[in-house]
Amino acid sequence: MIRWILTYGVAALATFSCFSQNKQLLYGLENIPQSLMLNPGGEIDAQKHFGIPLFSGIHLNAGSSGVTVYDIFGDDGGDINTKIRDKISELDDKDFFTLTEQLEIVNFGWRSLEGTYFSAGWYQEADFIAYFPKDLAVLASEGNRDYINVPFDIGQVSARGDATSVFHFGMNKQLNRRLTIGARAKLYSSVISLSSTNNTGTFTTVPSENGLNVYEHRLQNVDVAFQSSGLASLTELSGNRAGITSKIIGRSLFSGNYGLGVDFGFTYQLTDKVRLSGSALDIGAIFHTTDTETYRVRGDYTLNGIELIFPPIEEGEFTLPYYNDLEDEIEQVVKIDTISKSYVQTRPLKINAQLSYNFGKFIGGAACDCLEKGRIRRVNETGLHLFAIARPKGPQTAATFFYRRRFGSNFSLKGTYTVDSYSADNIGAAMAMDIGKFNFYIAADNLLRLDNLAKANSVSLQLGLNLKWDQE
Amino acid sequence: MKLLTYVFFSAIIVSLFGCVKDTDFDQVDDILFTPEIELDLIYFNLDAGEFFDTTTNTPRFTVRDTTALEFLDSNDITGSIQKIEFLFDFNNAIPRTFEVDFEFLRNNNSATYNTGTVIAAGTDGATIQTLFIDEVEGEELNDIERASKVVVSVTIPEADAALTGTLELQSKATYYIEY
């Protein structure tokens, strides 16, 4: 199993890889409708748009913060077991593995007579994050023999995975020449949700302090839970592929586990060259009420081995059931509960903020007092984009410096340099163009690793195709 | 402009079909984890009086007890264990030597593996330690892995009502695992 995970899991990272939900490349690109999904208060050029179903927004991303495919499977003559051992030693419990996928099924929008831009649609999202349980990895790979008196932290187990179907409706309104605001309401339908977070507990082997045996194996303050919705009924269909597929498709519409959320955003023109924008996405929660299961293990226990008391028994009589008694004792003290109760899970909140400086010629004509006219387009735009996402072990952040060049109103290129906790050389590029009524965009990260993706921690890919009618 | 577009598209296409090179995924067959796990085993504290039956006023030369060790023949670990090292730490304050036997049995009580040692006699007022280490690997390991319980027999050569002291055992097993 571990070999399977290493081979296929890590190899998958080679294809696409990591700051999973950060879409710094698309943020602020007013000539693609999907930028409203990142900032409902962003500026949008279109009069109306209609995304090509299933092709208007595709986002793929997987990765790890501290290990690349090459680190493990590099054909460098090194011993793979040494490389794995070194990497386990190097990683810590804040390192993580992610897998994110978003697919827009429908996306469309239109501008009302008074200028409000409405947009709506349906997209499907799968998002998985698992932190590296370093102590358990050490225990599994090296055992406890060299770690007497060293606590193994069971609480490092932290993972969350959600497959969600999202229906949304948004409004975008330019209030005045400087300020544009927007909001989007979301109805979530959870297809499947798995999580094990906020766990606690340690396992420690110490030389016996009570003198009973050689060691004491201590489980202390253990409280580990695995929560799921939508999994139990799928497990019952194990082996019935058609049944599982049918159930998942059905849940995309009516899962029984629904949630509500909102996005907010704004764009403010500080001067005719400086623009500030920001957004908060997925402020909401899903209420898991059907097909839920929670496994919870909690308690403290110290194992000393099995004490033999040599009872005076006659030939043929059975001795005491020490082993069964021990198992019963552990089960009594370390309680394992399986419960089916509703629970609420907040969505991973995402925050975007961007400050940009526009310079150079104006798009579509000579210099003017454009601030008085409202939206300003210059050929050059540069700035700083900040991103944060709430994750089980605290927020993850990223900072991006970008430069964007507009070639008329129908074509623009954007280059980004992103720094986060794990990578300081992520160069990305995006292109958005209109050909007739077709609007196409594509963006990719970590271009420096293109020659060998095995050495990349992170590569993401986003692309989409829309029909778009610009304002007259 | 055309050149720029061409360059950009080329970069994107390369990113879509970006290559993974200088890697050898066949190395997965060489992956081997070798944890060494220490676990307590059995322990006891036998009083000298256990070796004399005061109701019949006769010595009880051998005392015996049995415990299941069901994890030994568990499918979860069978085949992964490369070696087991048993450490038995006896502390004897009874002024007698002892023979201790460990007999590993299947569920049907047929023996699969035997081991044992002689424990040095204690002296008046002093505890004598006897360490017994038994390393099991190879064919003997297969025998152990077929067992699900162990019978511990402690035999004293002679005993009387006046005999005092205790015989203590602490033990652990080190499992050398490969998977």
Side-chain angles (χ1 to χ4, degrees), chain A residues 2-3 6-7 11 14-15 69-70 72-76 79-81 84 139-146 148 205 208 212-217 303-312 319-324 407 411 413 429 431 433 442 444 447 449-456 459 461, chain B residues 1 4-5 8-9 11-12 14-16 18-46 50 53 60 63-71 87 89 148-152 154 168-177 179:
Chain A
I2 287 179
R3 286 183 186 178
L6 273 168
T7 310
T15 315
V69 173
Y70 186 83
I72 304 298
F73 291 103
D75 192 11
D76 54 4
D79 174 49
I80 190 169
N81 293 303
I84 291 172
L139 183 60
S141 61
E142 298 183 47
N144 65 344
R145 187 181 189 185
D146 294 332
I148 303 302
T205 299
S208 178
L212 293 177
N213 210 340
V214 180
Y215 294 124
E216 293 173 26
H217 306 287
L303 175 69
N304 295 290
I306 295 172
E307 181 182 14
L308 303 182
I309 59 173
F310 295 89
T319 185
L320 300 173
Y322 299 108
Y323 194 83
N324 289 339
F407 301 90
F411 183 77
L413 296 176
M431 181 210 68
M433 66 188 301
I442 187 165
L447 303 179
R449 300 285 183 270
L450 286 183
D451 65 322
N452 188 359
L453 293 180
K455 293 184 178 178
V459 177
L461 175 69
Chain B
M1 172 73 178
L4 197 61
T5 307
F8 191 86
F9 269 111
I12 293 298
V14 170
S15 76
L16 284 173
C19 59
V20 174
K21 59 187 182 184
D22 303 329
T23 53
D24 176 11
F25 290 105
D26 289 339
Q27 292 179 87
V28 72
D29 295 328
D30 301 327
I31 293 175
L32 196 62
F33 294 104
T34 56
E36 296 173 2
I37 296 172
E38 300 246 300
L39 277 178
D40 275 337
L41 204 57
I42 56 174
Y43 64 97
F44 62 69
N45 188 346
L46 269 174
E50 300 285 342
D53 187 341
R60 188 187 293 132
V63 296
R64 186 175 287 116
D65 206 351
T66 305
T67 181
L69 296 174
E70 292 174 6
F71 60 91
L87 172 81
D89 181 5
S148 61
K149 53 190 167 183
V150 61
V151 179
V152 182
V154 184
E168 293 178 8
L169 167 68
Q170 297 177 334
S171 68
K172 64 168 184 170
T174 307
Y175 302 89
Y176 296 81
I177 295 171
Y179 68 98

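These numbers come from a predicted model, not from an experiment. A note on names: the letters A, B, ... follow the listed sequences, proteins ahead of strands, and every chain is numbered from 1.
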statement: All heavy atoms of A140(A) vs all of P35(B), minimum pair found to be O-CG, 3.4 Å
field: Distance (rounded to the nearest 0.5 Å) between N213(A) CG and L169(B) CG
entry: 7.5 Å
- line: Okay, E50(B) and chain A: the region with an atom under 4.5 Å from a heavy atom over there is side chain
- request: Measure up the F310(A) and F44(B) rings against each other and bin them: parallel (under 30°), tilted (30 to 60°), perpendicular (over 60°).
  value: perpendicular
query: How long is the span from the OG1 atom in T23(B) to the OH atom in Y70(A), to the nearest 0.5 Å?
result: 9.0 Å
query: In Å, rounded to the nearest 0.5 Å, how long is the span from CD of E38(B) to OG1 of T205(A)?
result: 8.5 Å
field: Residue part contacting chain B, namely of N324(A), when any heavy atom lies under 4.5 Å
entry: side chain
task: Against chain B, work out which of D76(A), D79(A), I306(A), N304(A) has the most heavy-atom pairs shorter than 4.5 Å and name it.
output: I306(A)
- request: With a 4.5 angstrom heavy-atom cut-off, could you sort out which part of E142(A) is near chain B: side chain, backbone, both or neither?
  value: backbone
query: Going through the distances and angles, do I31(B) and N81(A) end up as a side chain to side chain contact (heavy atoms under 4.5 Å, CB included)?
result: CA-CA 6 Å; I31(B) 293 175; N81(A) 293 303; 4.0 Å; yes
query: If we only count heavy atoms from C-beta on, is the I42(B) to Y322(A) side-chain gap below 4.5 Å?
result: no
- line: Here the gap from D40(B) atom CG to Y215(A) atom OH, rounded to the nearest 0.5 Å, amounts to 8.0 Å
- line: Comparing L87(B), L46(B), D89(B) against chain A, the one with the most heavy-atom pairs below 4.5 Å turns out to be L46(B)
field: Contact origin within T174(B) toward chain A - heavy atom pairs under 4.5 Å
entry: side chain
Nearest-0.5 Å distance, CD1 of residue I309(A) to OG1 of residue T67(B): 11.0 Å
- request: Hey, could you give me the CZ/NZ distance between R145(A) and K172(B), rounded to the nearest 0.5 Å?
  value: 6.5 Å
task: Could you look at I37(B) and say if it's the side chain, the backbone, both or neither that has a heavy atom under 4.5 Å from chain A?
output: both
message: Determine whether Y43(B) and V214(A) satisfy the following criterion, side chain to side chain contact (heavy atoms under 4.5 Å, CB included), listing intermediate values before the conclusion.
response: CA-CA 9 Å; Y43(B) 64 97; V214(A) 180; over 6 Å; no
- prompt: Side chain, backbone, both or neither: which part of L39(B) has an atom under 4.5 Å from a heavy atom of chain A?
  reply: both
Most chain B-contacting option - heavy-atom pairs closer than 4.5 Å, from S208(A), S141(A), G74(A): S141(A)
- prompt: Which heavy-atom pair separates F33(B) from I84(A) by the least distance, and what is that distance?
  reply: CE2-CG2, 4.0 Å
message: Heavy-atom pairs under 4.5 Å with chain B - which of L303(A), D75(A), L139(A) has more of them than the others?
response: D75(A)
